[in-house]
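Below is one structure, written out as structure tokens, with a few remarks after it.
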Amino acid sequence: EGSMKLAKRLIDEAKSGGADAVKFQTYRANTLAIKDSPAYWDMTEESSKTQYVLFKKYDSFWKDEMQELKDYCDRVDIEFMSTPFDFESANFLNDMMEVFKISSSDITNKPFIEYICNFEKPIILSTGASSLSEIMDAVDWIEKTDCPSVALLHCVLNYPTLDKNANLGMIIDLKSKFPNKVIGYSDHTLPKDMRVCEIASILGCKIIEKHFTHDKTLPGNDHYHAMDRNDLIFFRKNIDKVFDVLGGFKV
């Protein structure tokens, strides 16, 4: 929300909650969305009428701010990441990260994917709103480059996603179709008991990504369906107990 103090607080809370990494987003509204791009969120929670208006509220962090966040993450010993949404941000983020995250919105953006592959770093690719053939195309583009590896995150682009619509069976399908890839899950369900993320882990997801906040009661598109530090602690404890019972076995 344009506050470095808040960003660092979130890093601290994610670290103390047991997160392995924190991930931001790096973009400029005028290169990400046209002026009349329609809303895709719950208008009762976020009143912005277009994507451009929403993104413009939060696009003040750029290279210097990301470097400050990277340095802070190093000090508290948690991995820093940020999803780039254009070539310029990909260029300067390359000096700050060991792995790139590509958003679902860019899964069919072949020039951008190939450009990121030129950095020859592992890629985490979200697959929201994509067909199996689109996922296969993206993987094929990546494998034709010198990119060392790609992980695929199952994702449903509803904000929030109802538990019944999380379609966790797709995790099994991705594991079947891409047996040599790391499979993960990018979650947009309401946190509640974190059961959806727990099931995703049991199904074999090695990466769990979820929006994170310090206060779920705040207004706006993200806070109410994000997890907080307590949700993260609860999830980590529960999933450790589950795998203790299963003896480390994953379906």
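- Across every non-hydrogen atom of Arg229 and Ser16, the tightest pair is NE-OG, 2.7 Å.
- Ion pair Lys144/Asp140 flagged as a salt bridge, since at least one NZ, NE, NH1 or NH2 atom sits closer than 4.0 Å to an Asp/Glu carboxylate oxygen.
- Listed here is the closest heavy atom pair of Thr127 and Cys155: OG1-N, 3.9 Å.
- To the nearest 0.5 Å, the span separating CG on Leu125 from OG on Ser130 amounts to 7.5 Å.
- With respect to the salt-bridge test (charged N to carboxylate O, under 4.0 angstrom), the residues Arg75 and Asp71 do not qualify.
- The closest donor-acceptor contact from the side chain of Arg28 to the backbone of Asp59 lies under 3.5 Å.
- A search for salt bridge (Lys or Arg N to Asp or Glu O under 4.0 Å) contacts involving Asp20 returns Arg236, not counting sequence neighbours.
- Between the CG atom of Leu190 and the CG atom of Leu162 there is a distance of 8.0 Å, given to the nearest 0.5 Å.
- Residues Ala166 and Val196 come closest through the heavy atom pair CB-CG1, 4.1 Å.
- Side-chain heavy atoms closer than 4.5 Å link hydrophobic residues (I, L, V, M, F, W, Y) into clusters, and following such links, possibly through other members, connects Met227 to Ile207.
- The local environment of CD in Glu98 is sparse, with at most 12 non-hydrogen atoms from other residues, nucleotides or ligands closer than 6.0 Å.
- Linking Ile, Leu, Val, Met, Phe, Trp and Tyr residues whenever their side-chain heavy atoms come within less than 4.5 Å places Val150 and Tyr115 in a single cluster.
- Cation-pi geometry between Lys70 and Phe80 is not satisfied (NZ or CZ under 6.0 Å from the ring centre, within 45° of the ring normal).
- His188 has its side chain out of reach of Pro160: every pair of non-hydrogen atoms, C-beta onward, lies at least 4.5 Å apart.
- Looking at Thr83 and Lys23, their side chains do bring a donor and an acceptor atom within 3.5 Å of each other.
- The aromatic rings of His225 and His211 sit tilted, their planes meeting at an angle between 30° and 60°.
- Checking side-chain atoms of Glu13 against main-chain N and O of Leu10 turns up no donor-acceptor pair under 3.5 Å.
- Neither side chain, Asp36 nor Tyr52, offers a donor N or O lying under 3.5 Å from an acceptor on the other.
- A salt bridge is defined here as a Lys NZ or Arg NE, NH1 or NH2 lying under 4.0 Å from an Asp or Glu carboxylate O, and Asp163 with Lys192 meets this definition.
- The side-chain contact (heavy atoms from CB on, under 4.5 Å) with Tyr72 is formed by just one residue from the set Gln67, Lys8, Met4; it is Lys8.
- Shortest non-hydrogen contact noted between Asn165 and Val156 is O-CG2, 3.7 Å.
- Counting heavy atoms from C-beta outward, Phe100 and Cys117 have side chains that stay 4.5 Å or more apart.
- A donor atom on one side chain and an acceptor atom on the other are found under 3.5 Å apart for Thr44 and Asp42.
- Residue Tyr185 holds its OH atom at 7.0 Å from CD1 of Ile171, rounded to the nearest 0.5 Å.
- Using a 3.5 Å distance cut-off with no hydrogens or angles, the side chains of Ser37 and Thr50 do not pair a donor with an acceptor.
- Looking at heavy atoms from C-beta onward, Lys57 lies in side-chain contact with Glu46 at the 4.5 angstrom threshold.
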Worksheet item: Under the side chain to side chain contact (heavy atoms under 4.5 Å, CB included) criterion, do Glu45 and Tyr159 qualify, and how do the steps go?
Response: CA-CA 10 Å; Glu45 298 287 347; Tyr159 300 85; over 6 Å; no
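- A distance of 10.5 Å separates CG in Leu153 from OG in Ser103, rounded to the nearest 0.5 Å.
- A salt bridge does not link Glu198 to Lys241: none of the charged side-chain nitrogens sits closer than 4.0 Å to a carboxylate oxygen.
- Closest approach of Ile208 to Ala200, counting heavy atoms only: CD1-CB, 4.1 Å.
- When hydrophobic clusters are built by joining Ile, Leu, Val, Met, Phe, Trp and Tyr residues whose side-chain heavy atoms come closer than 4.5 Å, directly or via intermediates, Leu157 is not grouped with Phe212.
- Cluster annotation: Leu32 is not connected to Phe112 through the hydrophobic network of ILVMFWY side chains, with a link wherever side-chain heavy atoms come within less than 4.5 Å.
- Residues Asp222 and Thr213 have side chains not in contact (no heavy-atom distance under 4.5 Å, counting atoms from C-beta outward).
- The closest side-chain heavy-atom distance from Val139 to Ile142 is not below 4.5 Å.
- A salt bridge is defined here as a Lys NZ or Arg NE, NH1 or NH2 lying under 4.0 Å from an Asp or Glu carboxylate O, and Asp137 with Lys110 fails to meet this definition.
- In this structure, Lys101 pairs ionically with Glu209, as a charged nitrogen and a carboxylate oxygen lie closer than 4.0 Å.
- Defined by atom type and a distance below 3.5 Å, a donor-acceptor pair is present between the side-chain atoms of Ser89 and Asp86.
- Looking at Asp187 and Met194, their side chains never come closer than 4.5 Å, going by heavy atoms from C-beta outward.
- Looking only at distances, a side-chain donor or acceptor of Asp228 sits under 3.5 Å from a matching main-chain atom of Asp231.
- Met136 and Ile172 fall within a single hydrophobic cluster, where Ile, Leu, Val, Met, Phe, Trp and Tyr are joined by side-chain heavy atoms under 4.5 Å apart, directly or via other members.
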Discussion item. Applying side chain to side chain contact (heavy atoms under 4.5 Å, CB included) to Lys15 and Cys73, what does each step give before you reach the verdict?
Written reply: CA-CA 9 Å; Lys15 171 67 177 179; Cys73 285; over 6 Å; no
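- Taking 4.5 Å as the limit, every side-chain heavy atom of Leu218 sits out of range of all side-chain heavy atoms of Tyr224.
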Worksheet entry | Intermediate values then yes/no, side chain to side chain contact (heavy atoms under 4.5 Å, CB included), Ser126 and Ser186 | CA-CA 7 Å; Ser126 280; Ser186 181; 4.1 Å; yes
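- Expressed to the nearest 0.5 Å, how far CD1 of Ile183 lies from NZ of Lys206 amounts to 10.5 Å.
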Practice prompt. Step by step, work out the side-chain hydrogen bond (donor to acceptor under 3.5 Å, both in side chains) result for Thr161 and Thr189.
Written response: CA-CA 5 Å; Thr161 300; Thr189 64; over 6 Å; no
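- To the nearest 0.5 Å, atoms CD1 (Ile239) and OG (Ser201) are separated by 4.0 Å.
- Inspection of the Lys121 and Asn94 side chains reveals an N or O donor paired with an N or O acceptor under 3.5 Å.
- Side-chain contact check for Cys205 versus His154: every heavy-atom pair is 4.5 Å or farther apart.
- Between Lys63 and Glu68, no side-chain nitrogen of the basic residue sits less than 4.0 Å from a carboxylate oxygen of the acidic one, so the salt-bridge criterion is not met.
- Nearest approach of Ala90 to Ile116, heavy atoms of both residues: CB-CG1, 4.4 Å.
- Under the ring pair (Phe, Tyr, Trp, His ring centres under 6.0 Å) test applied with Phe92, the options Phe119, Phe61, Trp62 reduce to a single match, Trp62.
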Discussion item. Test side chain to side chain contact (heavy atoms under 4.5 Å, CB included) on Glu1 and Tyr58; report intermediate values, then the result.
Written reply: CA-CA 5 Å; Glu1 297 188 352; Tyr58 306 120; 3.8 Å; yes
